[in-house]
Amino acid sequence: MDKIYEHSLVEEKIYKEWEEKGYFKPEVHPDGKPYCIILPPPNANGDLHFGHAMFVIEDILIRYHRMKGEAALWLPGTDHAGTETQFVFEKKLQQEGKSRFDFNRQELYDMIWKYVGENRGGIENQLRRLGFSLDWTREKFTLDPDIVEIVKQTFRKMYDDKLVYRDYRLVNYCTRDGTSFSDLEVVHEEKVNPLYYIKYGPLTLATTRPETKFGDTAVAVHPDDKRYQQYIGKELEIEDVLGKSKIKVIADESVDPTFGTGVVKITPAHDFADYETGKRHNLPMKQVIGFDGKLNHYAGKFEGLYVKQARVAVVEEMNKKGLIEKVDEKYVSRIGVCYKCKTVLEPLPLEQWYVKVGPLIENAIKAVDNGFTKIYPENFVHILKQWYAGLRDWNISRQNVWGIQIPVWYEVVNSEDFSVSFIDSKRELQKGTLKEMIDKGFSVEEIVTGLQKVIAPITAKIVFEEQKEKGKTYLPETDTFDTWFSSGQWPYVTLKTAQKGDFEKFYPTSVMETGYDILRAWVSRMLMLGLYIANGKHETDLEKIKNTVPFKDVVLHGLVNDPYGKKMSKSKGNVVNPLELVTQYGADAVRFALVYGTGLGNDQAMSYGKLDASRKFTNKLWNMARFIEMQVKESGLSLTEEMKHPAAEGEDLEMVTKTQGLIKDITKFIDAYQFNLAAELLYEFIWHTVADKFLEYVKVSSNKKQSLTILYDQVFRDCLKLLHPFMPFVTEEIYQRLYPKEAEKTALIISSWPK
RNA sequence: GGAGCUAUAGCUCAGUUGGCUAGAGCGUUUCAUUGACAUUGAAAAGGUCACUGGUUCAAGUCCAGUUAGCUCCACCA
């Protein structure tokens, strides 16, 4: 054996051997108890970041259960990550001087497919380099045809069960990315937004958004506000930027009399609160901002200006006309921005698909309350339930191409009600109502072929593919599902499609291990959707809920930050590629450093100190093995023959007893998801009890042969096994060298867990 | 506005049914050693476990409150 452990000579060779011999497949223990973890699918749009290395926790669990003789399945996969991937890809297009408006849906989809295909290989390579014992023969992708089919069926079922519906309401819309978002995806930023006090006839009101005034359909005051009693219910005639106009005064409880002047303009089409107020008072919705972020014809001479420009222009005009009483220039408010591109989101009215969350949440909470799904650390139960409690219906429509198209068609009765955009056969972008396009001479077929986007009226009749009747005209829904709608079904769809019989054997899965940051976005959705699809319907029977949870345990790890404790992000330039560290320190050291010294669910700062200590530990282990090998040869013991266990006594017996205690402790810690304690104890025991004390004792023992045998044949082998889930490469390499005869039969990875 | 997390050695952090004489890594100091070990070993210094109360035979650990930092959620013009 070399004097120094050289991970670069070992890791690739060992991983290849494991994989080729099929050790990652649950079939190595065909009769074992099923144990299953589904890998949280990384986004297939780039490299893994360092946080992904935390999947080591899953590998520890899988290796441990595999060694216990269970049929352990760790199923890999990647996620198409609709909005994010399209964002990344469009940036790339932009660099080439193109945009998505140059392509029809199919062309764009095919291009992204190719791009993503290239990325997926890189991700797989990273996961292998970290030593993850994933069953690659079962790898899945969220856009695999069989998965897409199931996701569409789920939607269909939910439609029949009235758990999804289409509605026309305000959505958070990014005019740059051209898509809406769910509430969860909106990021709020604090910004200085001047507060303008504007005269509306005899009244003055305060607003940060004067440019939306063209969409006002009322002004509101609090019903008890004494200052304005004489106006309630009246229609005011006011002088406005576009000349004289009329506006109604309503009374609504939601108005805060202490804010501004106690008067507020109501713009139902462009403000969430106003939308609600508008519904209570039956106010018309007047959309003055388009999906391109520009003002439309209602804005008169301001038509065509972007919101930002329009605000300046409108204020200027109002100043000229003396309509502005005062301006609070320093007013700070929090506004929603796009989580990807940081563009200010516009609340815009749009026809969208929603999931009715009530019944699904009810069952998810039952699963958690009854302990059918347990969450570690426990405090996340409260976070989850609190989120469920305030959850509104879930907008699952995304105006993206990259994703699973919502599988419905709309019957065209009046072609004036439909607006379309498409690339015609001459590769020109066409936009307008369906009627205008047909009048221009385009056939419906040509339109559908080059389609980019259809907006169907909320009243349109909805049919599925096979329900289309001959002689009628239909346009497809162009929106795709929110990525979380498909990944929310991940445990179900993967096991249904990976290999025949997997679902029956492995569902419900044993553990879902992921970062706590996606508890709401992902784990919560898997619980909601998983219970529903596994039962095929909304089920209230507790026994059925128990048997259909997508996972029995949820284990949440913390974030890995940069060495200074700051969140790693591309924009800050402090992202560390896990592969660089694996190359430098070895996979075992990287894995160990991530687990050592961090309690479950706590964030950690990446630490070069811990990496170094871990790497030294691999070297220590290596040299312990080297010492044992030499001693065994010197003393005439055999490396190939099974030894007879001598009756231990004295120091030897004590060592055996201590090792047995260690086995109990490590087993207990892993079962309780206390990986840090297991790692710390192993480090302490192997280095300071075995190496510093017992190994030194063996050198001077009066019965050296017996002491050495205890060390070689009991203590050290057990240590290797206990350490293997944490440091798989170095332990396997040592095992094969030190115990060649056993290793010939069963590699360490599939050997038995010590008892 | 609501919730959660964190506060322990110079630094980074463990310490999960209360039993601690409070630990690790790195750093610091002293000594030893070419040894199985890009060293490693033996030892040392260093902590009123944020603060104040409470429960208990016993509190770093449980409870209440205070302070500070971080994070998340909801978002009113």
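Letters go in sequence order (proteins before strands), and every chain restarts at 1.
Residue-to-nucleotide contacts include no donor-acceptor pair under 3.5 Å from the side chain of R626(A) to the base of rC37(B). Counting atom types as modelled, E696(A) pairs a side-chain N or O with a base atom of rA36(B) as donor and acceptor under 3.5 Å.
Evaluation of the salt bridge (charged side-chain N to carboxylate O under 4.0 Å, His left out) rule for D256(A) yields no partner, not counting sequence neighbours. In this structure A220(A) satisfies the side-chain contact (heavy atoms from CB on, under 4.5 Å) test together with I250(A), V255(A), V264(A), I266(A), sequence neighbours excluded. For T598(A), the side-chain contact (heavy atoms from CB on, under 4.5 Å) partners are N602(A), Q604(A), K610(A), not counting sequence neighbours.
With both ends at atom P, the span from rU48(B) to rG23(B) equals 15 Å, rounded to whole Å. Nucleotides rC5(B) and rA64(B), compared at atom P, are 12 Å apart to the nearest Å. For the C1' atom pair drawn from rU71(B) and rU56(B), the interatomic distance equals 34 Å after rounding to whole Å.
Per the geometry, CH2 belonging to W687(A) stands 11 Å off P belonging to rA42(B), to the nearest Å.
Listed by first then second residue, pairs satisfying salt bridge (charged side-chain N to carboxylate O under 4.0 Å, His left out) with a partner in residues 193-219 of chain A read R209(A)-E211(A), R209(A)-E346(A), E211(A)-R311(A), K213(A)-D240(A), D216(A)-K265(A), not counting sequence neighbours.
Both tests pass for K286(A) against the ring of Y298(A): distance under 6.0 Å to the centre and angle within 45° of the axis.
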Under a 4.0 Å heavy-atom criterion, the protein footprint on nucleotides 8-17 of chain B, written with B, S and -, is -----SSSB-
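Across the interface with RNA chain B, nearest-nucleotide mapping of Y5(A) and L195(A) shows Y5(A) to be the residue nearer the 5′ end.
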Dot-bracket assigned to RNA chain B with the 3.5 Å Watson-Crick/G-U criterion, [ ] for crossing and | for other-strand pairs, is (((((((..((((.....[...)))).(((((.......))))).....(((((..]....))))))))))))....
